[in-house]
Amino acid sequence: MFTTWWIWVAAGFVIGAIEVVIPGFIFLGFAIGAIFTGILIGLNLIGSNIFVLILVFALASLIAWFVLYKLFGLKKGQTKRWDTDINA
């Protein structure tokens with residue numbers, strides 16, 4: 001089951017949908033990692049060892065998160081600030 005490529009890709013899209021529903025810039029790295037793992041399985045670039053799959057998923061998710069943080073995170077010297085309350 002874990003070696004079926006489309007399950008990883010589908011899980012990536014589900015995790016991406018969770019990121020849309022619960023924003024916080026947390027789940028997007030996991031979604032990218034799952035889709036990347038599914039692509040590697042589909043291209044037969046990694047085997048069926050579950051430990052290798054989990055390692056590839058974890059490393060791809062971590063790298064994706066760091067890249068996204070560098071691209072879209074706060075720049076040096078910036079701070080988050082709210083001027084108005086959207087609930088008021």
Side-chain angles (χ1 to χ4, degrees):
M1 177 176 148
F2 292 109
T3 60
T4 307
W5 68 270
W6 63 267
I7 291 177
W8 284 94
V9 173
F13 283 115
V14 168
I15 295 169
I18 291 172
E19 176 66 36
V20 171
V21 174
I22 307 170
F25 197 59
I26 297 171
F27 296 105
L28 191 57
F30 293 122
I32 292 170
I35 292 171
F36 181 74
T37 304
I39 290 170
L40 290 181
I41 293 170
L43 295 174
N44 289 327
L45 296 176
I46 55 177
S48 62
N49 187 350
I50 188 68
F51 297 112
V52 173
L53 294 175
I54 291 173
L55 180 66
V56 168
F57 170 67
L59 289 176
S61 298
L62 186 65
I63 291 169
W65 189 84
F66 277 122
V67 168
L68 290 170
Y69 184 76
K70 285 292 185 185
L71 289 175
F72 302 112
L74 290 175
K75 305 297 182 223
K76 188 172 183 161
Q78 284 184 330
T79 58
K80 286 186 178 182
R81 191 177 79 192
W82 288 273
D83 293 330
T84 59
D85 184 8
I86 62 172
N87 296 317

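The figures that follow rest on heavy atoms only: side chains count, while hydrogens, waters and symmetry mates do not. Positions are given from 1, in the same order as the sequence printed here.
- In the hydrophobic clustering of ILVMFWY residues, with side-chain heavy atoms under 4.5 Å counting as a link, Leu68 and Val20 come out apart.
- Atoms OG1 and CZ, from Thr37 and Phe30 in turn, are 12.0 Å apart once rounded to the nearest 0.5 Å.
- Phe36 has its side chain out of reach of Ile63: every pair of non-hydrogen atoms, C-beta onward, lies at least 4.5 Å apart.
- Taking OG1 from Thr4 and CD1 from Ile41, the interatomic distance works out to 8.0 Å, rounded to the nearest 0.5 Å.
- Listed here is the closest heavy atom pair of Ile15 and Phe27: CG2-O, 3.2 Å.
- The minimum heavy-atom distance between Ala31 and Gly12, with the atom names listed, is CB-O, 3.2 Å.
- Of all the heavy atoms in Gly33 and Ser61, the pair that sits closest is CA-OG, 3.5 Å.
- Rounding to the nearest 0.5 Å gives a distance of 11.5 Å between CH2 of Trp65 and CG of Leu28.
- Put simply, CG on Leu59 and CG on Leu55 are 4.5 Å apart, with the number rounded to the nearest 0.5 Å.
- Two residues are said to be in side-chain contact when any heavy atoms from C-beta on lie closer than 4.5 Å; Val67 and Ile32 fail this criterion.
- Taken to the nearest 0.5 Å, the CH2 atom of Trp5 stands 10.0 Å off from the CG atom of Leu43.
- Closest heavy-atom contact between Val9 and Ile39: CG2-N, 4.5 Å.
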